[in-house]
There are 2 protein chains.
Amino acid sequence: MTAKTPVFQRIKGDILARIQTGDLRPGDLIPGEEALAEEFGCSRMTVHRALRELSQDGVVERRRKSGTRVARPGGRNVLLEIPRVDQEVAAMGCAYGYELLQREVGAPPEHVRSKLEAGAKTRAVHLCCLHRANGAPYQFEERWINLDTVPEAAEVDFAETGPNAWLLENVPWSDGEHVLSAANADARTAALLDIAEQDAVLTIERRTWRQDKVVTYARFTHPGRFYRLRTSLDRG
Amino acid sequence: MTAKTPVFQRIKGDILARIQTGDLRPGDLIPGEEALAEEFGCSRMTVHRALRELSQDGVVERRRKSGTRVARPGGRNVLLEIPRVDQEVAAMGCAYGYELLQREVGAPPEHVRSKLEAGAKTRAVHLCCLHRANGAPYQFEERWINLDTVPEAAEVDFAETGPNAWLLENVPWSDGEHVLSAANADARTAALLDIAEQDAVLTIERRTWRQDKVVTYARFTHPGRFYRLRTSLDRG
DNA sequence: GAGTGGTCTAGACCACTTT
DNA sequence: AAGTGGTCTAGACCACTCA
């Protein structure tokens with residue numbers, strides 16, 4: 001069935017194979033687009049697309065006049081999929097439960113205000129939510145939503161719908177920043193997640209922007225014993 | 001200077017802006033390639049490239065005959081950069097130190113053998129390494145290298161060069177899988193990292209493949225208090 | 001100045017999916 | 001059967017960068 005795979009994909013695969021077998025090593029020069037076009041019996045555009053995608057994947061580095069070289073892998077860039085809680089729980093075959101523990105509107109504390117890149121007069125919605133799997137605590141979410149950026153959020157009670165789902169519906173496709181870290185559970189978190197105090201938890205902090213303004217700052221906390229984040233393959 | 005930005009980029013930016021302002025909402029239909037080509041005064045190929053890249057970024061979904069629609073963001077896909085330890089330490093302005101604690105060659109234990117997808121007779125190099133920043137323990141690395149896949153590794157002593165650097169030089173650009181989790185430090189790890197027992201640690205497990213065969217399985221352990229992994233922006 | 005990649009075109013044909 | 005995206009071409013011109 002190789003006859004049906006697009007030419008640019010065969011070129012990508014061919015070059016990748018040459019690299020993985022050690023035939024081409026980091027720093028090695030790859031023939032020019034015109035030469036490859038002749039070698040593969042296709043147009044330069046097709047070769048260009050193959051090399052461009054390899055370059056975007058970090059496999060190859062391209063410079064005008066110098067040519068294309070196999071990249072020296074430094075760090076690993078991996079694609080991390082952070083699923084939606086409800087979908088994640090459902091994917092495990094568990095019943096998903098949502099509970100709003102706290103909701104208040106007002107000026108956020110100082111350390112949150114800086115995360116929101118907000119002024120002194122900025123108000124925010126502060127939410128504490130618990131997500132459950134088959135009744136058992138699964139994730140604790142603490143979130144602030146910047147009312148300067150999303151004033152509509154002040155009118156939503158979030159009693160039934162989690163803030164994540166609401167934001168995805170109403171403020172889609174913002175840019176984001178995530179920070180992952182491990183910590184020991186404090187007394188409050190331990191009680192909420194039904195784990196022992198000092199147990200390791202994995203926390204994900206997320207900030208999202210819309211048009212250069214911070215939309216929301218959220219902290220997701222999972223029991224470390226049961227929570228693992230997998231990355232799908234990307235680059236090397 | 002918008003005159004110098006490529007046309008396909010302007011198209012991407014334009015459509016992204018329409019989405020971020022809420023002009024286009026998830027599920028909305030985007031005009032066909034031919035219509036957009038006329039709207040932007042360019043060829044269909046140029047429009048196609050813009051839409052293809054948006055599709056690869058997960059911003060839109062394309063189906064033949066149906067057309068192109070704004071994607072419903074589900075989970076977040078973020079680009080996670082896992083840097084090389086030495087570069088990471090150097091980037092913090094610290095002196096990097098490497099110490100090989102243990103090196104042995106033999107049959108790996110059962111739970112590792114399954115990770116290596118190895119047979120009963122497979123031998124592996126087992127390494128325990130400590131990475132330091134300004135003399136202080138920074139990362140503990142435990143690793144097995146599959147000698148079926150990389151027999152050369154049996155001859156390397158890894159006393160001076162860390163296994164990561166060696167593998168990147170000798171087995172470049174393999175595919176990878178990563179698992180992130182939080183855990184409480186056991187006595188041995190705590191002693192090595194100079195932290196208290198039960199302190200939270202962030203662990204990264206990595207497996208890499210070359211040509212469908214597992215090259216190596218590694219566990220990297222960091223003090224959770226000081227270690228954070230940041231994701232750069234990608235998709236929503 | 002010369003050589004490389006980067007973009008773009010106008011048109012063609014194909015592949016998939018819905019009607 | 002028709003309409004959409006997916007690929008490919010042959011050629012063009014431009015932009016960067018090295019000698």
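Labels below follow one simple rule: chain letters A, B, ... track the order of the sequence lines, proteins then strands, and each chain is numbered from 1.
Considering only residues two or more places apart in sequence or on other chains, Tyr217(A) meets the ring-ring contact (aromatic ring centres under 6.0 Å, His included) condition with none of them.
Of the possible donor and acceptor atoms, one in the side chain of Asn146(A) sits under 3.5 Å from a partner among the backbone N and O of Asp148(A). Between the side chain of Arg69(B) and the backbone N or O of Gly27(B), at least one donor-acceptor pair lies under 3.5 Å. In terms of modelled atom types and a separation under 3.5 Å, the side chain of Arg219(B) and the main chain of Thr203(B) share no donor-acceptor contact.
A perpendicular orientation is assigned to the rings of Phe158(A) and Trp166(A), their planes being inclined by more than 60° (bins at 30° and 60°). A parallel orientation is assigned to the rings of His222(A) and Tyr227(A), their planes being inclined by less than 30° (bins at 30° and 60°).
Between Thr46(A) and dT9(D), a side-chain N or O to OP1/OP2 separation shorter than 4.0 Å is present. Regarding contacts with the backbone of dG6(C), a side-chain N or O of His48(A) is found under 4.0 angstrom from either OP1 or OP2. An OP1 or OP2 oxygen of dT4(D) is reached within less than 4.0 angstrom by no side-chain nitrogen or oxygen of Thr68(B).
Nucleotide dT17(C) holds its P atom 15 Å from the CZ atom of Arg69(B), rounded to whole Å. Residue Phe40(A) contributes atom CZ, which lies 17 Å from atom C1' of dT7(D) at whole-angstrom precision. At whole-Å resolution of the value, CZ in Arg44(B) and C1' in dA10(C) are 11 Å apart. Straight-line distance from the CD atom of Gln56(A) to the P atom of dG5(C): 16 Å, rounded to whole Å. When the C1' atom of dG6(D) is taken as reference, atom CE of Met45(B) falls 9 Å away, rounded to whole Å. Summarising the geometry, the separation between CD1 on Ile11(B) and P on dG5(D) is reported as 13 Å, rounded to the nearest angstrom.
Heavy atoms of Arg49(B) sit under 4.0 angstrom from primed sugar atoms or phosphate atoms, though from no base atom.
Considering all non-hydrogen atoms of both residues, Glu33(B) and Leu51(B) come closest at CG-CD1, 4.0 Å. In plain terms, the two heavy atoms of Glu177(A) and Thr231(B) that are nearest each other are C-OG1, 4.1 Å.
Using modelled atom types and a 3.5 Å distance limit, the side chains of Thr216(A) and Arg143(A) yield a donor-acceptor pair.
Contacts with DNA chain D (heavy atom under 4.0 Å) in residues 28-38 of chain B: Gly32(B), Glu33(B), listed by number.
Taking only side-chain atoms of Phe8(B), from C-beta outward, the nucleotide of dC8(C), dC8(D), dG5(D) with the closest atom is dC8(C). Comparing dG5(D), dC8(D), dT7(C) by their nearest atom to the side chain of Arg62(B) picks out dG5(D).
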Letter per nucleotide, 5' to 3', of nucleotides 14-19 of chain D [B base touched, S only sugar-phosphate touched, - untouched; heavy atoms, 4.0 Å]: -BBBB-
